[in-house]
Each structure stands twice: as C-alpha cells, then as structure tokens.
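Predicted model only: the values in this text are computed from it and were never measured. The chains referred to below are lettered A, B, ... by the order of the sequence lines, with proteins before strands, and numbering in each begins at 1.
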Protein chains: 2
Amino acid sequence: MEQATYRELMHRLSEVGAVKRGLARNLPPDLPAGSAGVLGLLSQHGEMTISELTEVLAVDISVTSRHVSYVADQGWLERSPNPADGRSRLLRLTDARRDLLAGFSDHITELLAERLCDWSDDEVHELIRLMAKLHDSLVCPAHMFTHARS
Amino acid sequence: MEQATYRELMHRLSEVGAVKRGLARNLPPDLPAGSAGVLGLLSQHGEMTISELTEVLAVDISVTSRHVSYVADQGWLERSPNPADGRSRLLRLTDARRDLLAGFSDHITELLAERLCDWSDDEVHELIRLMAKLHDSLVCPAHMFTHARS
DNA sequence: TATTGTTATACTCTATAACTATA
DNA sequence: TATAGTTATAGAGTATAACAATA
C-alpha cells in the first residue's frame, strides 16, 4: 500500500471533525455533543452503568462521569442502585425527556436523510462497516499504540 | 433508509475520535495533532497561505492562525511575502525540518500498515472514498446546517 | 467594502492523578 | 488488591468577536 494512501486516510479522518461539528450545531445549545452521545446510548440500550458507557464511548471513565453528571443535573437521567454492584448505579432516561430526545434524534436523522439522498443504501452500510472495522483495527487491540516517539 | 442506520452512522463517527486520539499519541509531545495537520498539508502542497490551509482543514481561520503561529515559533516554518497579495504570507517547511517531519510521517504510516494488514487495498480505498463523499455531502454545501433548534 | 490575518476570550472535550467507596 | 466512580487540574481544539492591514 502506498504511503500516500495512508496519508490521505489520515486527512480524511481529520475531516470527520468538521462533519461532527456540523452535526453538533443542530443540537440545542444546552446539550453539547458529548452529553447527547450519552443520552443516545441510554436511549438505545436502556439501563447502563458509567463503566458500560465508557467502554462504548472509548474515552476515560472520568470523561463519562462528567457528561453523566451534566445530563443528570439537567434532568435527563434517573439513577437507581445497581443490585449487582453497590459501587455503581444504573442510569436511565426519565420518561419525561424520552420524547424530547427522540425529537432531537429525528431532527438529525432527517438532516442526514436529506443530505445523503444521493447515497445508495449499500454505500451507507459499507461506510458504517468500514468505520467499525477501522475502530476494531486501531483502537480495540490492547496496547496497540506505542507510548511516544523518542 | 432506517433511522437505526443513521444512528449507527453517528455512533461510528463519534468512534473516529478515539482513532484519532490514538494516532495522535504517536506524535512527539511538542507536536500536537492540529499542528501536525498543518505541517502535513505543507509537506504535500508546498507553499500555502493561511486561507488555503483553512479551506482544507475545514476550521475557522482563527484556528489555523493559531496552529501556524505555534509551528512557526517552534522553527518548522518560513514565511515569505506573497507577491500576489500583500495581506498574506506564503508558508513553507524549513529544509532543516523536512526530513524530521518525513520521519514522523513514516512512523505513523508503518503503524497503520501493521494494524491494517488484514485490510484489502480495495477496502482502504473504499473507506477513503466514502469518507470524502461524506464530507462533501455534509460539510461542503454552503449553509447546509440550520443554526439551531428552537 | 471585502478579504486576510491576528488576538482575546470562552467553551467543549479529553486525560492524568489523587481520592472514596465497594467488591 | 482490584474495580467503579468522583473531582481537580491541565492541555488541546475550536468558535466568536473585535481589530488592523491590504485589496
């Protein structure tokens, strides 16, 4: 594989930042992207602990703790004791906010559907598959990254 | 297209952050990823202005200005007058640092080659193509993003 | 007037480290 | 001892706004 190919891959990865920032601008001002990510996962998976969220989000647990504190303070979450482990709590969306979140999600979805109207279903699925594979190849293998250059 | 598909697309986009952070950890501590991105573009394109860099990086020009100031202070850049426009300067890598930057680039390339050894050439190229298409669909069209939800 | 770039400010996201509580 | 989570701190990246210089 050409070195230029890898260089272009890195450039395309950096461009994803612009895509994400653009999508985040379609969220309400009091719901930053990181917090919305937490809510989205809870919407999909139901009750989760901070550790479980942390694994999916691929960030440090301190980051997840921060996002969760914020959305809980904003009234998005209920926290109940975890019967399986007294050190953690089970997080879930409040019923009062579930529909509101669904509305935000619908809004983003409609935007994507509109903007990606010239994409085939296969292309969308292939992009998802390849991004997942990239994550598996680069992030999941423990200790993949050397710590620093000399 | 299913709403769940778009939701997964958003999740995969957020995972890219973990990929980029992992790659950035393989840069020297005094060369943050944003600065490295500027140097990479100058390495590819030769002389560029801050406006040109800004367009490729898809960030605000104030961000590019900051990154350029940093790498210039660190001795990576020379700035010469732009004969075509007195408001800007032409930026280029110093000869003294060109090989050093190439070494960093080689290091990342080798890491990617090793980690993506089970990818076919077609898969890598298809991922690059689809990420570029995603950027075109979502970022390039001017005024694509509405400003906020009510 | 419009564009290029700079700077000050503020906000978001993240990691590290020190800590508490529970397993 | 090990794990789940919290908090304080610091650093990187970004956007907005006000500004200066040039087109």
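Under 4.0 Å is where a charged nitrogen must lie from a carboxylate oxygen, and between B:R129 and A:E123 at least one such pair does.
The side chain of A:V59 has C:dT14 as its nearest neighbour among D:dA4, D:dT14, C:dT14. Across C:dT14, C:dC13, D:dG13, the shortest atom-to-atom separation from the side chain of B:R21 is found for C:dT14. With D:dT14, C:dT4, C:dA15 as the candidates, the nucleotide lying closest to the side chain of A:D60 is C:dA15. Relative to the side chain of A:S65, the nucleotides D:dA15, D:dG5, C:dT7 differ in distance, and D:dG5 lies closest.
Of the residues near DNA chain C, B:R66 and B:T49, the one whose nearest nucleotide (by heavy atom distance) lies more toward the 5' end is B:T49. Each of A:R87 and A:S62 lies near DNA chain D, and the nucleotide nearest A:R87 is the one positioned closer to the 5' end. Each of A:P32 and B:R79 has a nearest nucleotide on DNA chain C; the 5'-most of these lies closest to B:R79.
Residue-level contact check: A:I50 touches the backbone only, with heavy atoms under 4.0 Å from sugar-phosphate atoms and none from bases. Within 4.0 Å of B:A33, counting heavy atoms only, lie sugar-phosphate atoms of the nucleic acid but no base atom.
In this structure, B:R89 does not reach the D:dT22 phosphate: none of its side-chain N or O atoms is under 4.0 Å from OP1 or OP2. An OP1 or OP2 oxygen of C:dT12 is reached within less than 4.0 angstrom by no side-chain nitrogen or oxygen of A:H67. Distances shown here put a side-chain N or O of A:S51 below 4.0 Å from the OP1 or OP2 atom of D:dG5.
Between the side chains of B:T49 and B:S88, not a single donor N or O lies within less than 3.5 Å of an accepting N or O. Between the side chains of A:D122 and A:S120, no donor-acceptor pair of N or O atoms lies under 3.5 Å. No side-chain N or O of A:W76 forms a donor-acceptor pair with one of A:T94 less than 3.5 Å apart.
Atom pair A:M48:CE and D:dA4:P shows a separation of 14 Å (rounding to whole Å applied). Rounded to an integer number of Å, the gap from CG of B:D30 to P of D:dG11 is 14 Å. One interatomic measurement links the two molecules: CG of A:L23 to P of D:dT14, which rounds to 16 Å at whole-angstrom precision. Put simply, NZ on A:K20 is 14 Å from P on D:dG13, counting in whole angstrom units. Across the protein-nucleic acid pair, B:I61 atom CD1 and D:dA17 atom P stand 16 Å apart, rounded to whole Å. Atoms CZ (B:R25) and P (C:dA15) sit 7 Å apart, rounded to a whole Å. A:D73 places its CG atom 11 Å from the P atom of D:dT6, with the value rounded to the nearest Å. Taking atom CG of A:D85 as the reference point, atom P of D:dA2 lies 17 Å away to the nearest angstrom.
The two residues A:Y70 and A:D30 come nearest to each other via the heavy atoms OH-O, 2.8 Å.
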